[in-house]
Every structure is written in C-alpha cells, then in structure tokens.
Amino acid sequence: MTKERVMVFSRFERFWHWFQAVLIVALMITGFEVNGAYEWLGYEAAAQWHRWTAWVLIWLWVFAIFWHLITGEWKQYVPTPRGMIDVIRYYTVGIFDPGVSHPYKKTRLAKHNPVQRVAYSTFNILITPIIWITGLLYMFYNDWGALGLDGLITLSGVALVHTAAAFAMLVFFIGHVYMAGFTAKPFYGYLKAMLTGYEELEPHPDNSAGRPDRPNARPAP
Ligand code: HEM
C-alpha cells in the first residue's frame with residue numbers, strides 16, 4: 001500500500017521531547033549522586049546542579065502542559081482498552097517474527113498505541129507529579145512551618161518518595177529507550193520521526209487534520 005508522509009510531531013513537541021530527555025538524564029545523574037549511589041561532581045555541586053536543572057524542567061513542563069491544553073493534543077494520551085491485547089501480543093510474540101507487522105495503525109490524530117497511552121499517562125499523571133511535588137517540598141524544607149506542613153510530613157519520608165519516583169522514572173526511561181531503539185522497523189524509524197517530525201503512515205483521513213501551519217499528509221517522495 002502506498003504510504004503518505006505525515007507530520008506527526010510538531011516542532012514544539014520535538015523540542016520539548018529532546019530538551020526534557022536531556023534534563024531528565026541530568027537530573028538522574030545528579031540526583032543519584034546526591035542519594036549517595038556514587039561520587040563524581042561532589043555532593044554540593046551535584047545538589048546545586050540538581051536544583052537548577054529541576055527549575056528548568058519545571059518551566060518546560062509548564063509550557064508543555066499549556067501547549068497540550070490549547071492544542072487539544074492531550075487527547076492523544078487518554079488510555080483505551082481497544083486493541084490493547086493485540087499490541088501486547090505483538091510486543092511479546094509477533095515482534096520476533098519478521099513477517100508480522102505492528103497491529104496498530106497510527107494516524108496523525110491517534111499516534112500513540114494503547115500500550116503507549118498507558119505508559120505515557122502513568123509517566124505524566126503519576127511519576128512526574130510525584131517527583132515534582134516531593135522535589136519542591138525538599139527545596140522549600142525551610143518554609144514548611146510557614147506552609148503549615150510541620151508535623152505533617154518528614155524529610156526522610158519526602159526523600160524516600162522522591163527517590164522511589166526517581167527509580168520509577170529510571171525504569172520508564174530504560175523501557176522507553178529500548179522500545180524506541182529496538183522495536184521500530186527499520187530500527188531508526190521512531191528516532192527519525194522524533195527528529196524530523198515526519199513518519200510514513202497508511203493513508204487515513206485523520207492524517208490531514210491539524211493546524212494550518214502544519215503541512216500534513218504530503219505524498220511520500
Ligand atoms: C522537578 C523536579 C525535581 C525537583 C524540584 C527536585 C528536587 C530535589 C531536591 C531539592 C533534592 C535534594 C538535594 C539536596 O540535598 O539539596 C533532590 C534529591 C534527589 N533527586 Fe530530585 N528533583 C526533581 C527531579 C528529579 C528527577 C527527575 C530525578 C531522577 C529521575 C530525581 C532524583 C533525585 C534523587 C535520587 C535525589 C536524592 C534523594 C535522597 O537520597 O535524599 N529528582 N531532588
């Protein structure tokens with residue numbers, strides 16, 4: 001079947017994705033040093049870099065949330081059970097058979113398959129807010145009294161939850177890099193889409209949907 005070249009990831013999404021990836025790697029490196037997993041920058045420098053990088057990430061998230069709300073792109077993350085079993089069967093069995101193709105037919109308006117929707121929603125609604133809130137509590141430890149938090153929470157409890165969320169983020173990160181790098185056909189397919197914005201998709205009316213500044217659904221060269 002002739003495929004069409006579709007703009008799947010807008011310029012802002014690509015910027016947000018890669019900038020967030022760099023910041024999260026930096027936060028993992030400095031955070032696990034603060035935690036005492038190893039010594040590289042030294043505790044003080046690691047903690048300082050961790051706090052600066054965290055502020056940049058918080059600002060990026062504020063912009064990303066705003067962008068998702070005004071463009072309506074948040075709808076692409078709403079979980080659905082439709083087709084979930086087929087995708088799980090593909091990832092666990094079908095993927096090892098070169099003759100089997102991905103059962104999910106991506107479109108411009110539904111670019112995440114059911115498993116991705118669950119994984120990304122868990123990341124966005126659970127892991128990220130937990131890390132963000134506990135991180136800010138950690139940062140504003142000296143203001144707990146003024147905020148009425150004294151006696152309600154403890155620093156060791158906040159550190160424990162923050163570190164648990166950091167491990168959850170590490171697991172997500174490893175799974176995400178594995179899926180992006182090893183499950184595409186050809187292997188660089190997903191990476192290329194997140195770099196150029198374009199992907200070759202089966203024709204679908206939804207592929208031409210989008211904002212006027214997005215030249216969607218151009219015929220494949
Ligand atoms: C916006 C998000 C974040 C904020 C505001 C934040 C803030 C903080 C702060 C203030 C500390 C204490 C540093 C110190 O001792 O002065 C800390 C520690 C830590 N952070 Fe974050 N952080 C954030 C995101 C992350 C991320 C994304 C990771 C890793 C995935 C991470 C992993 C850690 C770890 C492992 C520690 C050490 C905890 C301990 O053993 O006490 N943080 N964070």
Side-chain angles (χ1 to χ4, degrees), residues 9 12-71 73-74 76-77 79 112 115-183 190-191 194-195:
F9 298 112
F12 176 78
E13 272 174 301
R14 283 175 277 144
F15 161 76
W16 160 61
H17 174 270
W18 291 115
F19 196 16
Q20 170 167 277
V22 169
L23 293 171
I24 285 177
V25 169
L27 282 159
M28 285 196 287
I29 293 171
T30 51
F32 286 116
E33 175 159 4
V34 169
N35 181 252
Y38 52 84
E39 215 189 312
W40 177 47
L41 299 168
Y43 177 87
E44 268 313 316
Q48 189 65 263
W49 275 106
H50 192 79
R51 287 189 295 264
W52 285 337
T53 319
W55 277 120
V56 182
L57 184 59
I58 286 176
W59 280 112
L60 183 65
W61 274 334
V62 170
F63 278 110
I65 290 169
F66 182 66
W67 182 87
H68 279 88
L69 290 178
I70 57 164
T71 57
E73 291 290 310
W74 61 271
Q76 303 232 15
Y77 295 84
H112 302 313
V115 171
Q116 283 177 310
R117 283 176 182 240
V118 170
Y120 297 157
S121 297
T122 308
F123 182 85
N124 292 331
I125 298 171
L126 206 67
I127 304 175
T128 296
I130 292 178
I131 227 161
W132 181 338
I133 293 165
T134 51
L136 287 173
L137 286 172
Y138 221 143
M139 251 187 225
F140 291 98
Y141 173 66
N142 292 332
D143 303 309
W144 284 11
L147 294 167
L149 293 169
D150 266 348
L152 291 177
I153 48 174
T154 60
L155 190 59
S156 56
V158 167
L160 186 72
V161 178
H162 192 73
T163 308
F167 273 108
M169 203 169 256
L170 178 65
V171 170
F172 174 90
F173 183 81
I174 293 168
H176 185 68
V177 171
Y178 167 75
M179 297 300 273
F182 295 94
T183 66
Y190 298 145
L191 190 66
M194 198 41 99
L195 286 168

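Every value quoted in this text rests on a predicted model; they were computed, and no experiment measured them. Start at 1 and go down the list; that is how both ligands and their atoms are numbered.
- For the pairing with Phe123, the ring pair (Phe, Tyr, Trp, His ring centres under 6.0 Å) check across Phe172, Tyr77, Phe173 returns one residue only, Phe172.
- Note on ring orientation: taking the six-membered ring where Trp is involved, the planes of Phe63 and Trp59 are tilted (angle from 30° to 60°).
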Dump all N/O pairs between ligand 1 and the protein below 3.5 Å as a table: atom names plus distance, one pair per row.
{"from": "ligand 1", "atom 1": "15 (O)", "to": "Tyr43", "atom 2": "OH", "distance (Å)": "2.8"}
{"from": "ligand 1", "atom 1": "16 (O)", "to": "Arg51", "atom 2": "NH1", "distance (Å)": "2.6"}
{"from": "ligand 1", "atom 1": "20 (N)", "to": "His50", "atom 2": "NE2", "distance (Å)": "2.8"}
{"from": "ligand 1", "atom 1": "20 (N)", "to": "His162", "atom 2": "NE2", "distance (Å)": "2.8"}
{"from": "ligand 1", "atom 1": "22 (N)", "to": "His50", "atom 2": "NE2", "distance (Å)": "2.9"}
{"from": "ligand 1", "atom 1": "22 (N)", "to": "His162", "atom 2": "NE2", "distance (Å)": "2.9"}
{"from": "ligand 1", "atom 1": "40 (O)", "to": "Asn35", "atom 2": "ND2", "distance (Å)": "2.6"}
{"from": "ligand 1", "atom 1": "41 (O)", "to": "Tyr138", "atom 2": "OH", "distance (Å)": "2.4"}
{"from": "ligand 1", "atom 1": "42 (N)", "to": "His50", "atom 2": "NE2", "distance (Å)": "2.9"}
{"from": "ligand 1", "atom 1": "42 (N)", "to": "His162", "atom 2": "NE2", "distance (Å)": "2.9"}
{"from": "ligand 1", "atom 1": "43 (N)", "to": "His50", "atom 2": "NE2", "distance (Å)": "2.8"}
{"from": "ligand 1", "atom 1": "43 (N)", "to": "His162", "atom 2": "NE2", "distance (Å)": "2.9"}

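- To the nearest 0.5 Å, the span separating CE on Met169 from NE2 on His162 amounts to 9.0 Å.
- Ring-plane geometry between Phe12 and Trp16 is classed as parallel, the angle between the planes falling under 30 degrees on a 0 to 90 degree scale with a further cut at 60.
- With no hydrogens or angles considered, a side-chain donor-acceptor pair links Gln20 and Trp61 at under 3.5 Å.
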For Phe9 and His17, what are the C-alpha separation, side-chain angles and deciding distance, and is it a ring-ring contact (aromatic ring centres under 6.0 Å, His included)? CA-CA 10 Å; Phe9 298 112; His17 174 270; 7.6 Å; no
